[in-house]
Amino acid sequence: MKSTKRYHPFKGRQSHFCLLLSVVLCSVLLIAGCGGGNNTAAPSADPTKEPAATEAATASASPEATSAAVGSTVKPVSFTYYSNYDWDTTEEWGRDSTTKWIADTLKVKMTPVQSSGAAETKFSTMIASGSLPDVIMMDRGANVERLRQPGLLVPFDDYLDRYPNLKKNAGEATLNMLRSEDGKLYQFPNWYTSSPNGNGGWIINRKIYKELGSPKLETYDELYAYLKQVKVKYPDVVPLEVGAKGRGLETMYGGFAENKPYLPKANPVGNTLQSIFEDQVFIDNMQYASKLFREKLITQDLFTQTGDQISEKLKTGRVAVYVDGDVVNPGRGADTALRTTDPDAGYDIIWPIHKAGLDATQITPNNYNSLGWNVLVITKNAKDPEAIFSYLDWVTSEEGQRILNFGRQGLYWDEYDADGVPILNEAGLNTPQGDKDKERIGRFNWVGNTTFIDQTKAKMDAQLPADKQNWTTLAQQKVTWKTSKNFTEFVNLDPLPDSEEGTIATAVNDIYQEVFAKTLYAKSDDEVLSLLNKANEDAKKAGYEKLLKFQTAKWQDNLSKMK
């Protein structure tokens, strides 16, 4: 994904399906056919029919003219860093060429603290023992408040004008959304954006699609017919892969209504949030998913399979259609793997499949918010928090993003144009992507500036011959970014875990997860509806209406701040 973006467990706008999407390591640079098939070729026409973007003029800057100023605002500093995620292991600083350059040139060094697969336990232990690291990457919300309320975090307000890149690039409105109840800013956003982004959608197995006659594949009715064909003719292939824990069903939801990606456990109606179990779009989605599941057109092991197992199925061509919150990154790897042995094999991204009668250009399975994915905080254990902030502010600058995401100057680029876009040198043009990946470029971009990176990588990719252009970048430009809706207004809706509303939210979450699994195993549409009605009753008994009232107030407060 760029990054990537950016899915977490029941935070603001994401559903429980999205937790594992974080495994794609949104802190890594995810550098890297649309809607409506026809009867002769894989779907490729873009319903939006937008003209190609005009390339900016290239007024390059030489290395000699720019290198002297590189990192001039950064104060030398050493600090400890902890990523509060089970799945994330922070690599050693200085082993890759980018952080070695940072250590040698900027005199910035980092010592990692690992979660060892038990982030919540590790986090709680560090708080209790007073042994917090200097910098923590984490989700917005409750855990940030666990540190802020007892006064364990450093506010950034005094640094914003001294080191202006965050304020300039993120903007006042985004920073105001990140401020705590005391009015101060403690959170440095990662992958914040002023433009659409997202990696979710649909990809199809190119070879299977062609062998089945390249049928029209736009609506859910057409998808159902296609999956039945796949099941009969390719018994060893998964007709529809929906990702680990069924997270792709969230993406499917976006095709049952116009401009309505999924908001977990709540349904915006007018000026209020109402029960998700009463949401007709959600009901339609779960009834359709249940039908596919009981006819064995969907992965039958979706609750037990791992991301690695999904990747293996994709790379061996044993998936006909894949829907998920991130298809562009696994899609690239699978496409490359298959084309290595068969140039006619691989995967194509298609325009989102949708309910018949809807406007295809208004289908938005992706959502994004200006705050981005997660945040970094600096704890009061840090000896020199200003120096740490100076480094983070440089990282999120145009200069820092260029180096962190595309490598140090002189590696794959020597100059950049008037828009700050690196101009690929001979190594940049001719080095195989597999060899570039070994450089681990982008791994330490903790405060990604999404808009700059997305626009830059697209322009850099255009410098390459067509056969070397990045599959992911092209898929994002053609489809996923065009089918993403701004959901900034729905961030920060979650109550604190130890509050009354937080207790209710936990109960509702449990009810939701249970009914989600049960509906897939239902034997009919009527049974799905009955299960959802029962879940709705149970949620209301648990205090669901009070939770929705609390979240509605938060939503309206967000809208007020955004104005």
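In this chain, residues are counted from 1 in sequence order.
- Classification of Asp88 and Arg443 as a salt-bridged pair holds, one side-chain N sitting under 4.0 Å from a carboxylate O.
- Looking at every heavy atom in both residues, Lys313 comes nearest to Thr316 through O-OG1, 3.2 Å.
- How far NZ of Lys561 is from OG1 of Thr174: 12.0 Å, rounded to the nearest 0.5 Å.
- At a threshold of 4.5 Å between non-hydrogen side-chain atoms, the residues Leu249 and Leu520 count as touching.
- Lys296 places no side-chain N or O within donor-acceptor distance of the main-chain N or O of Phe293, the cut-off being under 3.5 Å.
- One N or O on the side chain of Thr80 and one on the backbone of Asp134 form a donor-acceptor pair closer than 3.5 Å.
- Between the Thr299 side chain and the Leu302 main chain, no donor and acceptor come within less than 3.5 Å of each other.
- Between Lys438 and Asp435 there is a salt bridge, since a side-chain N of the basic residue sits under 4.0 Å from a carboxylate O of the acidic one.
- Remark: the backbone N or O of Asn405 is not paired with any side-chain donor or acceptor of Asn445 at under 3.5 angstrom.
- Between Met126 and Pro133, the shortest heavy-atom distance links the atoms SD-CD, 3.5 Å.
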Derivation and outcome, side-chain contact (heavy atoms from CB on, under 4.5 Å), residues Leu166 and Leu392: CA-CA 9 Å; Leu166 173 62; Leu392 296 179; over 6 Å; no
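- The structure places CE of Met110 at 4.0 Å from CH2 of Trp446, a figure rounded to the nearest 0.5 Å.
- Rounded to the nearest 0.5 angstrom, Phe550 CZ and Leu273 CG are separated by 11.5 Å.
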Audit row: Asn267, Lys260, side-chain contact (heavy atoms from CB on, under 4.5 Å) steps and yes/no: CA-CA 10 Å; Asn267 176 33; Lys260 194 177 183 183; 2.7 Å; yes
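- The stretch residues 115-126 participates, sequence neighbours left out, in these salt bridge (charged side-chain N to carboxylate O under 4.0 Å, His left out) pairs: Glu120-Arg146.
- Tyr322 has its side chain out of reach of Tyr347: every pair of non-hydrogen atoms, C-beta onward, lies at least 4.5 Å apart.
- Counting heavy atoms from C-beta on, the side chains of Phe444 and Trp93 come closer than 4.5 Å.
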Verdict with supporting geometry, Leu404 and Thr98, side-chain contact (heavy atoms from CB on, under 4.5 Å): CA-CA 7 Å; Leu404 266 292; Thr98 305; 4.3 Å; yes
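- Looking at Leu371 and Arg140, their side chains come closer than 4.5 Å, going by heavy atoms from C-beta outward.
- Remark: the backbone N or O of Met286 is not paired with any side-chain donor or acceptor of Ser290 at under 3.5 angstrom.
- Taking both residues in full, the closest heavy atoms of Phe256 and Asn285 are given as CE1-OD1, 3.4 Å, listed atom of the first, atom of the second, then distance.
- Separating the CG atom in Asn169 from the CD atom in Gln401 is a distance of 8.0 Å, to the nearest 0.5 Å.
- Under the side-chain hydrogen bond (donor to acceptor under 3.5 Å, both in side chains) criterion, the residue pairs touching residues 497-508 are Glu500-Lys546, with sequence neighbours excluded.
- Checked by atom type, the side-chain pair Asp96/Thr99 shows a donor-acceptor distance below 3.5 Å.
- Under 3.5 Å, the side chains of Thr451 and Thr193 contain a donor-acceptor pair of N or O atoms.
- A 4.5 Å side-chain heavy-atom check between Leu147 and Tyr186 finds every atom pair outside the cut-off.
- For Tyr544 (side chain) and Ala507 (main-chain N/O), no donor-acceptor pair under 3.5 Å exists by modelled atom type.
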Verdict with supporting geometry, Asn176 and Arg179, side chain to side chain donor-acceptor pair (under 3.5 Å): CA-CA 5 Å; Asn176 285 340; Arg179 292 186 180 278; 3.2 Å; yes
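- Listed here is the closest heavy atom pair of Lys315 and Leu338: O-CD2, 3.3 Å.
- Under the side chain to side chain contact (heavy atoms under 4.5 Å, CB included) criterion, Ser97 pairs with Arg408, Leu411, Glu439, not counting sequence neighbours.
- Checked by atom type and distance alone, the side chain of Thr336 never pairs as donor or acceptor with a backbone atom of Gly333 at under 3.5 Å.
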Salt bridge (charged side-chain N to carboxylate O under 4.0 Å, His left out) between Asp393 and Lys75, worked out: CA-CA 11 Å; Asp393 191 71; Lys75 299 177 65 177; over 6 Å; no
Trace of the side-chain contact (heavy atoms from CB on, under 4.5 Å) decision for Asn143 with Asp139: CA-CA 7 Å; Asn143 278 335; Asp139 286 340; over 6 Å; no
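- Not a single donor-acceptor pair under 3.5 Å links the side chain of Thr251 to the backbone N or O of Pro365.
- Under 3.5 Å, the side chains of Thr379 and Asn381 contain no donor-acceptor pair of N or O atoms.
- Residues Tyr192 and Val375 fail the side-chain proximity criterion, which asks for heavy atoms closer than 4.5 Å.
- Side-chain contact, Tyr163 with Asn165: no donor N or O sits under 3.5 Å from an acceptor N or O.
- The side-chain heavy atoms of Leu152 and Lys380, taken from C-beta on, include no pair separated by under 4.5 Å.
- For Arg247 and Glu250, the salt-bridge test fails: no basic side-chain N is under 4.0 Å from an acidic carboxylate O.
- Note that CD of Gln300 is 8.5 Å distant from CG of Leu297, once rounded to the nearest 0.5 Å.
- Side-chain contact, Ser83 with Thr90: no donor N or O sits under 3.5 Å from an acceptor N or O.
- Using a 3.5 Å distance cut-off with no hydrogens or angles, the side chains of Asn536 and Ser275 do pair a donor with an acceptor.
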Candidate pair Lys265 and Gln551, rule side chain to side chain donor-acceptor pair (under 3.5 Å), full reasoning: CA-CA 11 Å; Lys265 296 183 296 301; Gln551 293 179 319; over 6 Å; no
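- In this structure, the side chain of Asn558 does not engage the main chain of Asn492 through any donor-acceptor pair within 3.5 Å.
- Inter-residue side-chain proximity for Lys383 and Ser78 is flagged as unmet; no heavy-atom pair is nearer than 4.5 Å.
- Within the 3.5 Å criterion, the main-chain N or O of Asp308 finds no donor-acceptor partner in the side chain of Ser311.
- In this pair, Tyr262 and Phe282 present their aromatic rings tilted. The plane angle is within the 30 to 60° band.
- Remark: aromatic rings of Phe389 and Phe188 are close, center separation under 6.0 Å.
- For Lys436, the NZ atom is densely surrounded, since the number of other residues' heavy atoms within 6.0 Å is greater than 12.
- With salt bridges taken as basic N to acidic carboxylate O contacts below 4.0 Å, none links Glu241 and Arg318.
- Between Thr488 and Asn369, the shortest heavy-atom contact is OG1-CA, 3.2 Å.
- Nearest heavy-atom pair, Asn366 versus Gly325, reported as atom, atom and distance to 0.1 Å: OD1-O, 4.5 Å.
- Taking CD1 from Ile511 and CG from Asp538, the interatomic distance works out to 5.0 Å, rounded to the nearest 0.5 Å.
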